[in-house]
Enquirer: 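So that we are looking at the same thing, I have put the structure below in structure tokens.
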Amino acid sequence: MSKGIKITLIIILALAAIIFIAISLLTRSIALDIIKHPPSERPDLVETPQDYGLEFEKVSTTTEDGLSLSGWFIPGNNGATVMIQHGSPGGRQDGLYEAQFLSQAGYSVLLGSFRAHDECEGELISFGYYEQRDLRAWHIYLINRGDVDHQRIGLFGESMGGGTSILYAAGDRGISAVATGSAFALTQD
């Protein structure tokens, strides 16, 4: 092989390596922008259940990995409870319309937020993987309440909340019903 061909090949390989590194750094930056959700970038809570004529309690729980989560509990009168789970980048206020409808039907409603959303701790979104821990924390919270029948707890989730609800309930964790809107497919290995 001639010296000119060797130099040309080295230049081509070096350019390919530079292009590969640049594309890798760019896609990493874009990916981090998608999953990173610091408090300064979260939508403000501009509505509460009170704006829908609902009595509620401010509630909180802690996940198994130590993150504090915030939510609202709306008491019902039939013993059944629905956990409403929001999508990303939303928050618990996104489920207020559904909460009003369910409350009028006698259901208790828990509007619990996921990690890295509204007033909750955490800054990374895993689109369902770690958010299952959040559902577990909220589920345990409900089981420990005296006014909730732990045999009558259901889930309703939108988008990421829907996919996460399906994954969580598929683990046979005592969820009686699941309904979703715009849930996306998630896989768990």
Side-chain angles (χ1 to χ4, degrees), residues 39 42 45 47-88 90-181 183 186 188:
R42 300 176 192 172
L45 288 175
E47 293 182 308
T48 71
Q50 184 177 358
D51 296 317
Y52 287 72
L54 303 170
E55 292 183 26
F56 72 102
E57 301 169 36
K58 291 181 179 181
V59 296
S60 63
T61 191
T62 303
T63 64
E64 63 191 51
D65 53 347
L67 296 178
S68 178
L69 307 177
S70 301
W72 296 317
F73 182 79
I74 301 165
N77 59 21
N78 70 12
T81 303
V82 177
M83 290 191 284
I84 297 178
Q85 299 309 132
H86 59 81
S88 185
R92 62 190 136 151
Q93 70 183 354
D94 295 349
L96 284 168
Y97 175 78
E98 292 83 359
Q100 181 183 37
F101 177 78
L102 290 165
S103 179
Q104 289 171 348
Y107 292 91
S108 294
V109 178
L110 174 69
L111 292 155
S113 287
F114 288 125
R115 64 186 60 220
H117 290 84
D118 86 49
E119 298 174 338
C120 298
E121 292 182 343
E123 291 195 7
L124 293 178
I125 302 168
S126 68
F127 296 99
Y129 185 77
Y130 289 116
E131 287 78 8
Q132 290 178 77
R133 294 178 181 179
D134 305 345
L135 274 182
R136 178 168 173 70
W138 285 120
H139 190 190
I140 291 168
Y141 166 82
L142 287 175
I143 289 170
N144 289 321
R145 285 185 67 105
D147 57 348
V148 172
D149 179 349
H150 69 273
Q151 300 293 332
R152 298 178 66 203
I153 296 174
L155 292 169
F156 175 75
E158 284 284 335
S159 189
M160 181 185 78
T164 304
S165 294
I166 291 168
L167 282 174
Y168 182 78
D172 190 31
R173 299 190 171 132
I175 298 297
S176 298
V178 177
T180 67
L186 297 170
Q188 183 172 336

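This chain uses plain numbering: 1 for the first residue, then up along the sequence.
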Enquirer: Taking the side chain from S113 and the backbone from H117, do they hold a donor-acceptor pair closer than 3.5 Å?
Expert: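 Judged by distance alone, no pair lies under 3.5 Å.
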Enquirer: Just so I know, are the side chains of H139 and I175 near enough to count as touching, which here means a heavy-atom distance under 4.5 Å?
Expert: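 Yes - at least one pair of side-chain heavy atoms lies under 4.5 Å apart.
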Enquirer: Using the test side-chain hydrogen bond (donor to acceptor under 3.5 Å, both in side chains), find all partners of R115 that sit at least two apart in sequence or belong to another chain.
Expert: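 Per chain and number, R115 pairs via side-chain hydrogen bond (donor to acceptor under 3.5 Å, both in side chains) with D65, D134.
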Enquirer: Considering residues at least two apart in sequence or located in another chain, which fulfil the side-chain contact (heavy atoms from CB on, under 4.5 Å) criterion with E123?
Expert: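 So E123 forms a side-chain contact (heavy atoms from CB on, under 4.5 Å) with K36, P38, P39, R42.
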Enquirer: What side chain to side chain donor-acceptor pair (under 3.5 Å) pairs are there with at least one residue in residues 146-161, not counting sequence neighbours?
Expert: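 Sorted pair list: R145-D147.
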Enquirer: Quick one: list whatever passes side-chain contact (heavy atoms from CB on, under 4.5 Å) with E55, sequence neighbours left out.
Expert: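 Counting only residues at least two positions away or on another chain, E55 forms no side-chain contact (heavy atoms from CB on, under 4.5 Å).
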Enquirer: Tell me if the CD atom of Q50 is crowded by more than 12 foreign heavy atoms within 6.0 Å.
Expert: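 12 or below, so no.
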Enquirer: Ignoring hydrogens and angles, write down the donor-acceptor pairs under 3.5 Å from the side chains of residues 69-85, residues two or more places apart or on other chains.
Expert:
unit_1, atom_1, unit_2, atom_2, d
N78, OD1, A80, N, 2.9
Q85, NE2, G112, O, 3.2

Enquirer: For a quick test of reading the model, state the closest non-hydrogen atom pair linking A137 to T62 and the distance between them.
Expert: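 Closest approach of A137 to T62: CB-O, 3.6 Å.
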Enquirer: Taking C-beta and beyond as the side chain, do T164 and F127 meet within less than 4.5 Å on heavy atoms?
Expert: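 Side-chain contact under 4.5 Å: no.
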Enquirer: Does anything in residues 91-104 form a side chain to side chain donor-acceptor pair (under 3.5 Å)? List the pairs, not counting sequence neighbours.
Expert: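 The answer is R92-D118, R92-E119.
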Enquirer: Y130: what forms a ring-ring contact (aromatic ring centres under 6.0 Å, His included) with it, not counting sequence neighbours?
Expert: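 Result, ring-ring contact (aromatic ring centres under 6.0 Å, His included) vs Y130: none returned.
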Enquirer: Would you say that I143 contacts I153 through its side chain, given a criterion of any heavy-atom pair below 4.5 Å between the two side chains?
Expert: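 Counting from C-beta outward, I143 and I153 do come under 4.5 Å.
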Enquirer: Got L135 and L155 here, is their nearest side-chain heavy-atom distance under 4.5 Å?
Expert: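 Yes, side chains in contact.
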Enquirer: Please determine whether the number of non-hydrogen atoms from other residues, nucleotides or ligands lying under 6.0 Å from atom OH of Y107 exceeds 12.
Expert: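 No, OH of Y107 has 12 or fewer neighbouring heavy atoms, counting only those of other groups under 6.0 Å.
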Enquirer: Side chains of V59 and W138: closer than 4.5 Å at any heavy-atom pair?
Expert: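 Answer yes - side chains close enough.
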Enquirer: How would you list, by chain and number, every residue that makes a side-chain hydrogen bond (donor to acceptor under 3.5 Å, both in side chains) with H86, sequence neighbours excluded?
Expert: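 Result, side-chain hydrogen bond (donor to acceptor under 3.5 Å, both in side chains) vs H86: none returned.
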Enquirer: For the side chain of E131 and the backbone of S126, is there at least one donor-acceptor N/O pair under 3.5 Å apart?
Expert: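 Yes, E131 side chain to S126 backbone: donor-acceptor pair under 3.5 Å.
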Enquirer: For a 4.5 angstrom cut-off between non-hydrogen side-chain atoms, does T61 reach I140?
Expert: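 Not touching, per the 4.5 Å side-chain cut-off.
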